[in-house]
Colleague: 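Please find one structure pasted underneath; my questions will follow.
The analysis underlying the following values was restricted to heavy atoms, covering all of them including side chains, and did not include hydrogens, waters or symmetry mates.
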Amino acid sequence: MKSIVFISFALLLVGCGTNSESQGNNDIELNQISTTSNAIDQEPANQAKEYLSKYEEITSIKAVNTSKKLMIAIEIQHHERFGLANFREERKKEMKEKFPNMEVDISTDKKIILELERLEKALESKKVSKKELEKALDKIISLSKEQT
């Protein structure tokens, strides 16, 4: 009986001891936006996606930027949602440090994820001008602030 309790306790410790930051997330849905011939270079958005993909808690990342603003939407595993506010704030702080010259927002709202996904697809198909991109991103940012 003691050996079963000991083995169960050892498995529990092994399961709790995994470091989610160091291994990266191979199951993440990550769509890099082509940076050539777009209205605005999407390199900051692609860098943010690459950086955030190291967190195993994140299952999907959508990000779009203008020259001054970067909007990121992340989807988190369902069982990680208890610490969602802290996780979001920590990632937002990291992104602000990584992109000090940009206004950075992070959302975990499903509607924002869908809106950014739609905007990413429009950017990929090159159907968005610089002015339309700025207007659409401002709308998404204001939507994300309404819901908080």
Side-chain angles (χ1 to χ4, degrees), residues 8-9 11-148:
S8 298
F9 186 70
L11 289 174
L12 178 68
L13 289 177
V14 170
C16 292
T18 59
N19 187 354
S20 64
E21 291 183 23
S22 63
Q23 295 176 351
N25 187 351
N26 294 330
D27 298 330
I28 196 163
E29 182 182 317
L30 193 63
N31 181 26
Q32 299 283 333
I33 302 171
S34 171
T35 57
T36 58
S37 70
N38 266 335
I40 294 179
D41 182 23
Q42 294 298 306
E43 191 60 32
N46 289 335
Q47 286 177 0
K49 289 177 188 177
E50 195 66 38
Y51 180 81
L52 291 171
S53 68
K54 72 180 183 180
Y55 292 99
E56 288 188 2
E57 298 90 344
I58 299 175
T59 58
S60 176
I61 306 170
K62 307 295 178 198
V64 173
N65 67 275
T66 62
S67 57
K68 296 177 183 173
K69 298 176 183 175
L70 172 62
M71 182 70 202
I72 304 166
I74 55 176
E75 212 167 356
I76 295 181
Q77 294 175 354
H78 189 68
H79 65 277
E80 299 289 340
R81 296 189 73 81
F82 291 113
L84 184 62
N86 286 339
F87 184 81
R88 182 179 47 230
E89 288 306 313
E90 288 171 10
R91 301 300 78 82
K92 186 174 182 176
K93 188 175 175 183
E94 288 175 6
M95 290 294 100
K96 283 186 174 183
E97 289 172 3
K98 193 163 177 62
F99 303 101
N101 298 328
M102 300 184 90
E103 182 182 319
V104 179
D105 278 312
I106 292 185
S107 177
T108 52
D109 191 299
K110 187 68 178 175
K111 184 173 183 178
I112 304 303
I113 293 169
L114 293 173
E115 290 289 331
L116 281 179
E117 184 176 10
R118 188 177 312 149
L119 191 54
E120 281 184 349
K121 286 179 182 174
L123 281 169
E124 278 294 318
S125 63
K126 298 168 184 60
K127 294 180 179 174
V128 180
S129 69
K130 180 179 177 180
K131 192 172 184 173
E132 290 170 333
L133 173 64
E134 289 175 352
K135 186 177 177 181
L137 195 59
D138 285 342
K139 182 181 172 191
I140 293 171
I141 290 170
S142 68
L143 269 176
S144 73
K145 290 182 179 174
E146 282 178 5
Q147 297 161 2
T148 55

Colleague: Passes salt bridge (charged side-chain N to carboxylate O under 4.0 Å, His left out), Glu75 versus Lys110? Steps please.
Modeller: CA-CA 8 Å; Glu75 212 167 356; Lys110 187 68 178 175; 3.0 Å; yes
Colleague: Quick one: does any side-chain atom of Gln77 pair with a main-chain N or O of Glu56 as donor and acceptor, under 3.5 Å?
Modeller: yes
Colleague: CG/Leu137 to CD/Glu132 distance, rounded to the nearest 0.5 angstrom?
Modeller: 13.5 Å
Colleague: Taking all non-hydrogen atoms of both residues into account, name the closest pair between Phe99 and Pro44 and its distance.
Modeller: CZ-O, 3.4 Å
Colleague: Starting at NZ of Lys92, measure out to CG of Asp105 and round the result to the nearest 0.5 Å.
Modeller: 4.5 Å
Colleague: Are the charged groups of Lys49 and Glu120 less than 4.0 angstrom apart, N to O?
Modeller: yes
Colleague: Mind listing the closest non-hydrogen atom pair of Gln42 and Ala63 along with its distance?
Modeller: OE1-O, 4.5 Å
Colleague: Is there a side-chain contact between Met71 and Ile112, using heavy atoms and a 4.5 Å cut-off?
Modeller: yes
Colleague: Find out whether Ile72 and Lys62 are in side-chain contact, i.e. whether some heavy atom of one side chain is under 4.5 Å from a heavy atom of the other.
Modeller: no
Colleague: Starting from the C-alpha separation in whole Å, work towards a yes-or-no answer on salt bridge (charged side-chain N to carboxylate O under 4.0 Å, His left out) for Lys121 and Glu124.
Modeller: CA-CA 5 Å; Lys121 286 179 182 174; Glu124 278 294 318; over 6 Å; no
Colleague: Would you name the heavy atoms of Ser53 and Ile61 that are closest together and state the gap between them?
Modeller: N-CD1, 3.7 Å
Colleague: Does Lys98 reach the side chain of Val104, with side-chain heavy atoms less than 4.5 Å apart?
Modeller: no
Colleague: Enter the distance from Lys135:NZ to Lys139:NZ here, rounded to the nearest 0.5 Å.
Modeller: 9.0 Å
Colleague: How many angstroms lie between NZ in Lys96 and CG in Leu70, if you round to the nearest 0.5 Å?
Modeller: 11.0 Å
Colleague: Return the CZ to CD1 distance between Arg88 and Ile74, rounded to the nearest 0.5 Å.
Modeller: 8.0 Å
Colleague: Quick one: OG1 on Thr66 to CG on Asp138, what's the gap to the nearest 0.5 Å?
Modeller: 7.0 Å
Colleague: Can a donor-acceptor pair be found between the side chains of Tyr55 and Glu94 at a distance below 3.5 Å?
Modeller: yes
Colleague: Can you check whether Ala45's main-chain N or O pairs, donor with acceptor, with Asn65's side chain at less than 3.5 Å?
Modeller: yes
Colleague: Do Phe87 and Thr108 come close enough that some side-chain heavy atom pair is under 4.5 Å?
Modeller: no
